[in-house]
Amino acid sequence: MSGIGEGELINLYKKLFEFYGKQNWWPVDYEYHTLYKTDPREEIIIGAILTQNISWRNVEKALENLKKAKALSFEGIGKIPLDKLKELIKSSGFYKQKAVYLKNFVEIFRSIDDLKNISREELLKVKGIGRETADVILLYALDRLSFVVDTYTKRLLIRLWNIEGSYEEIKKLFEENLPKDLEIYKEFHALIDVHCKKFCRKKPVCKDCPIADICSFYSR
DNA sequence: GCCCAGGGCACTG
DNA sequence: CAGTGCCATGGG
């Protein structure tokens with residue numbers, strides 16, 4: 001699948017970090033959680049489900065609605081009626097199934113503590129939790145060394161080095177060639193997304209791209 | 001009006 | 001295991 005090693009990925013990381021700076025993902029409203037004594041990690045998981053194949057802008061509106069309803073927590077999600085939940089998260093698209101996913105999730109896991117010893121395989125059994133969402137939960141909410149792959153990551157690897165692979169293959173590629181460091185895992189995924197939104201879009205914008213010098217697509 | 005966005009499920013071959 | 005249809009809103 002690939003012919004790159006540790007050097008290339010670290011180099012990519014350094015270049016992106018240098019250009020964009022620290023991203024501090026996952027975004028969370030700590031003031032809200034301090035005020036209502038809820039756990040910010042639960043917001044990460046709720047957001048991870050809401051953002052499936054939807055722009056973050058649409059998710060932010062849904063999160064705001066949940067805050068106003070004091071429902072941005074597992075307990076809060078569990079308390080509000082399903083129909084009410086659907087209304088609140090409507091802006092995040094696919095809202096009927098996402099509402100069911102959320103309800104089901106907080107039914108299984110009553111609080112963040114119930115996830116303390118969860119494995120990736122167990123998470124993947126939960127309806128609505130696929131590979132990417134599971135890895136987001138593991139990395140950003142539970143501080144586990146599980147690299148997150150998304151469509152941006154795949155697109156970038158194809159453009160940069162013409163590397164294609166399944167989700168698990170790409171995930172392995174990163175995990176085998178990066179230092180086992182939580183901050184690097186978190187920031188790298190965030191940087192890839194930020195970069196792909198700005199430059200490496202579906203229709204690539206190569207002008208002024210900060211990593212054009214290491215990109216095989218650019219030199220074609 | 002068209003395209004796309006921080007995927008996942010169910011079903012098919 | 002890979003491919004496809006479906007889910008649905010909102011901004012560019």
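Naming convention: chains lettered A, B, ... in sequence-line order (proteins, then strands); numbering from 1 in each chain. Given the structure is predicted, the values throughout are model-derived calculations rather than measurements.
- The pair D135(A)-R144(A) does not meet the salt-bridge criterion, since no charged nitrogen lies less than 4.0 angstrom from a carboxylate oxygen.
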Could you list, one pair per line, each protein nitrogen or oxygen that sits under 3.5 Å from a nitrogen or oxygen of nucleotides 11-13 of chain B, together with the distance?
none

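- Residue contacts shown for Q97(A) include a base, since a base heavy atom lies under 4.0 Å away.
- Partners of Y20(A) according to the side-chain hydrogen bond (donor to acceptor under 3.5 Å, both in side chains) rule, which considers only residues two or more places apart in sequence or in another chain, are H195(A).
- Heavy atoms of T151(A) sit under 4.0 angstrom from primed sugar atoms or phosphate atoms, though from no base atom.
- The aromatic ring centroids of F17(A) and F188(A) lie 6.0 Å or more from each other.
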field: Strand DNA chain B as a dot-bracket string - pairs counted if Watson-Crick or G-U with both distances under 3.5 Å, | where the partner lies in another strand
entry: .||||.|||||||
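- Taking the salt bridge (charged side-chain N to carboxylate O under 4.0 Å, His left out) definition, one finds that E87(A) meets it with K90(A), sequence neighbours left out.
- Along DNA chain C, the stretch of nucleotides lying under 4.0 Å from any heavy atom of chain A spans, 5' to 3', dC7(C) to dG11(C).
- Residues meeting the side-chain hydrogen bond (donor to acceptor under 3.5 Å, both in side chains) test with N58(A), sequence neighbours left out: S55(A).
- Remark: N58(A), K61(A) in residues 58-65 of chain A come within less than 4.0 Å of DNA chain C through at least one heavy atom.
- Using modelled atom types, one finds no donor on one side chain facing an acceptor on the other under 3.5 Å when comparing T34(A) with E31(A).
- The ring-ring contact (aromatic ring centres under 6.0 Å, His included) test applied to Y95(A) returns no partner, not counting sequence neighbours.
- The salt bridge (charged side-chain N to carboxylate O under 4.0 Å, His left out) search around E176(A) returns K172(A), not counting sequence neighbours.
- Side-chain atoms of S111(A) and E75(A) include no donor-acceptor pair closer than 3.5 Å.
- Contacts between residues 179-204 of chain A and DNA chain C, defined by a heavy-atom separation under 4.0 Å, are absent.
- Defined by atom type and a distance below 3.5 Å, a donor-acceptor pair is present between the side-chain atoms of K171(A) and S146(A).
- For the segment residues 39-57 of chain A, residues with any heavy atom less than 4.0 angstrom from an atom of DNA chain C are, sorted by number, I54(A), R57(A).
- Under the salt bridge (charged side-chain N to carboxylate O under 4.0 Å, His left out) criterion, D181(A) pairs with no residue at all, not counting sequence neighbours.
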